[in-house]
Amino acid sequence: MYFVAGASGRTGSRLVHLLAESGHAVRALVRNPAKSAALAALPGVEVVAGNLNDPAATAALLRGASGAALILPNGPDQLRLETGFYDAAVDAGVQHVVKLSSMEAHADAPNPVHRTHHEAEEHLKASGVEWTIVRTSFYFQNFLNTAPRIRSEGILSLPVGRGRATMTDVADAAAAMAAALLDTRHRGRSYDVTGPELLDFDEVAGRISRVAGREVRYVPEDPVAYKARLSRVIPSAWHVDAVCDIFREIADGYFVEPTDGFHALTGREPTSIDTFLEAHRSQFATDGVRAG
Ligand SMILES: NC(=O)c1ccc[n+]([C@@H]2O[C@H](COP(=O)([O-])OP(=O)(O)OC[C@H]3O[C@@H](n4cnc5c(N)ncnc54)[C@H](OP(=O)(O)O)[C@@H]3O)[C@@H](O)[C@H]2O)c1
């Protein structure tokens, strides 16, 4: 049985689907089972209620799992929750843990999100349990937040200046984690997982134009205005600052190159931005008609 924590989220729910579809028993930890009826309906999936705030209760739920995966949102509690989870996995006798991390994670990263991931990675490696770390880049799915303005004004707007990014599909992050769980050859290794291309945001707007049925222009957003806008939808000031810092770093010229990590884990090519956009065309298009 495989244990998935963060199972109701973007990456975790896809991971549970992939494991169940390949015939494996899954115990999916969620905070609110009422929101996870779709997961509970999958064959071989047991949805359990829990909160990683309670490592003893988590250890009890982890008992019997051969492997476990952890996905947590960014926040000031992330390091405490992650380290508690790894210690609980050791207590419960779990053989192997897969962690979702970020490619930017390193000891002297300026952003607390990335420093947290680095410290959590180090804790996992020292915990005594076997481990695999899947380090992904900026998700394509972040563009879904920009879709309303693309539909209404034909403008892609983010505070990333003239920066560039190599992005990843969240479905690939989940597939990479599934491969890491299921294939013992990946134990004791970290994989940097990206999509196939390094793109600037004019190019992203051009690709969106093709599926949106209209010209879409990239307009760099003023970072101060962006922060004010984000503060209205994200209650945590810590989180708002962290997201704004990530975009500022991109605007300042930070980027990661495409890697072969996804192929090394899965044997497949990573999802392209065109495939992602086509799959989400209804969210970007005004009339469902493709540009010529
Ligand atoms: N976004 C990007 O571009 C990007 C790029 C690279 C790496 N990442 C990494 O991806 C991770 C986020 O992945 P995601 O987008 O799949 O996350 P997500 O959709 O926000 O899901 C997070 C999951 O964690 C659960 N959770 C939160 N606190 C919990 C607690 N105390 N106990 C138990 N479960 C808890 C949530 O449950 P509820 O449903 O109850 O809230 C949810 O299922 C972050 O670590 C981030 O650094 C993101």
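Counting convention: from 1, in listed order, for ligands and their atoms alike. These values consider heavy atoms only, across backbone and side chains, with no hydrogens, waters or symmetry-generated copies.
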A.B. asks: I'd like to know if the side chain of E215 pairs up with that of S209 as donor and acceptor (distance under 3.5 Å, no hydrogens or angles considered).
C.D. replies: no
A.B. asks: Knowing that exactly one of T194, T168, T166 qualifies, which makes a side-chain hydrogen bond (donor to acceptor under 3.5 Å, both in side chains) with S137?
C.D. replies: T168
A.B. asks: Is the shortest side-chain N to carboxylate O distance from D192 to R135 below 4.0 Å?
C.D. replies: yes
A.B. asks: Looking at F276 versus H280, is the centre-to-centre ring distance below 6.0 Å?
C.D. replies: yes
A.B. asks: Could you check which of L100, N142, I246, N51 puts a non-hydrogen atom nearest to atom 10 (O) of ligand 1?
C.D. replies: L100
A.B. asks: Would you mind running through ligand 1 and noting each atom that sits below 4.0 Å from a heavy atom of G6?
C.D. replies: 23 (C), 24 (O), 25 (C), 43 (O)
A.B. asks: Please state whether N32 comes within less than 4.0 angstrom of ligand 1, counting heavy atoms only.
C.D. replies: no
A.B. asks: Below 3.5 Å, can you tabulate the donor-acceptor pairs from side chains in residues 239-250 to any protein atom, sequence neighbours excluded?
C.D. replies:
| unit_1 | atom_1 | unit_2 | atom_2 | d |
| --- | --- | --- | --- | --- |
| D241 | OD1 | K227 | NZ | 2.8 |
| R248 | NH1 | D252 | OD2 | 3.3 |

A.B. asks: Find all atoms of ligand 1 within a distance of less than 4.0 Å from any non-hydrogen atom belonging to T11, and give their numbers and elements.
C.D. replies: 13 (O), 14 (P), 16 (O)
A.B. asks: Looking only at protein heavy atoms, which one is nearest to atom 45 (O) of ligand 1, and what is the separation?
C.D. replies: L72 O, 2.6 Å
A.B. asks: Run the salt-bridge test on E82 and K99 with the 4.0 Å N-O cut-off and return the result as yes or no.
C.D. replies: yes
A.B. asks: Among all protein heavy atoms, pick out the one at the shortest distance from atom 5 (C) of ligand 1; state its residue, atom name and that distance to 0.1 Å.
C.D. replies: S137 O, 3.3 Å
A.B. asks: Note the single closest protein heavy atom to atom 41 (O) of ligand 1, along with its residue, its atom name and the distance in Å.
C.D. replies: R31 NH2, 2.9 Å
A.B. asks: For T259 and Y191, test the side chains for any donor-to-acceptor distance below 3.5 angstrom and give the result as yes or no.
C.D. replies: no
A.B. asks: Nearest to atom 36 (C) of ligand 1, what protein heavy atom do you find, and at what distance?
C.D. replies: S8 OG, 4.0 Å
A.B. asks: For ligand 1, is any non-hydrogen atom under 4.0 Å from M103's backbone (N, CA, C, O), its side chain (CB onward), both, or neither?
C.D. replies: neither
A.B. asks: Below 4.0 angstrom from a heavy atom of I71, which ligand 1 atoms are there? Numbered from 1 as shown, please.
C.D. replies: 13 (O), 16 (O), 24 (O)
A.B. asks: How far is atom 1 (N) of ligand 1 from its nearest protein heavy atom, and which residue and atom name does that atom have?
C.D. replies: R10 NH2, 3.2 Å
A.B. asks: Using distance alone, decide if ligand 1 has a nitrogen or oxygen within less than 3.5 Å of any nitrogen or oxygen in G9.
C.D. replies: yes
A.B. asks: As an exercise, identify every atom of ligand 1 less than 4.0 angstrom from a heavy atom of Q78.
C.D. replies: 45 (O)
A.B. asks: Considering only the protein, which heavy-atom contact is closest to atom 22 (C) of ligand 1, and what is its distance?
C.D. replies: P73 CD, 3.6 Å
A.B. asks: Give the residue and atom name of whichever protein heavy atom lies nearest to atom 32 (N) of ligand 1, and the separation in Å to one decimal.
C.D. replies: L52 N, 2.9 Å
A.B. asks: Please work out whether any backbone atom (N, CA, C, O) or any side-chain heavy atom from C-beta onward of H117 is under 4.0 Å from ligand 1, and answer side chain, backbone, both or neither.
C.D. replies: side chain
A.B. asks: Report the part of A5 in contact with ligand 1, treating N, CA, C, O as backbone and CB onward as side chain, heavy atoms under 4.0 Å; options are side chain, backbone, both, neither.
C.D. replies: neither
A.B. asks: Please write down residue, atom name and distance for the protein heavy atom closest to atom 48 (C) of ligand 1.
C.D. replies: Y139 CE1, 3.8 Å
A.B. asks: Heavy-atom distance under 4.5 Å between the side chains of L199 and M167, does that happen here?
C.D. replies: yes
A.B. asks: Sub-3.5 Å donor-acceptor pair from the side chain of T58 to the main-chain atoms of D54, do we have one?
C.D. replies: yes
A.B. asks: Is any NZ, NE, NH1 or NH2 atom of the basic residue among D202 and R162 found under 4.0 Å from an Asp or Glu carboxylate oxygen of the other?
C.D. replies: yes
A.B. asks: Select one of side chain, backbone, both or neither to describe which atoms of L81 lie under 4.0 Å from any atom of ligand 1, heavy atoms only.
C.D. replies: side chain
A.B. asks: Would you check if there is a donor-acceptor pair between the side chains of H118 and D108 at a distance under 3.5 Å?
C.D. replies: no
A.B. asks: Is the closest basic N to carboxylate O distance between E203 and R207 below 4.0 Å?
C.D. replies: yes
A.B. asks: Would you mind listing which atoms of ligand 1 come within a distance below 4.0 Å of any non-hydrogen atom of S101?
C.D. replies: 7 (C)
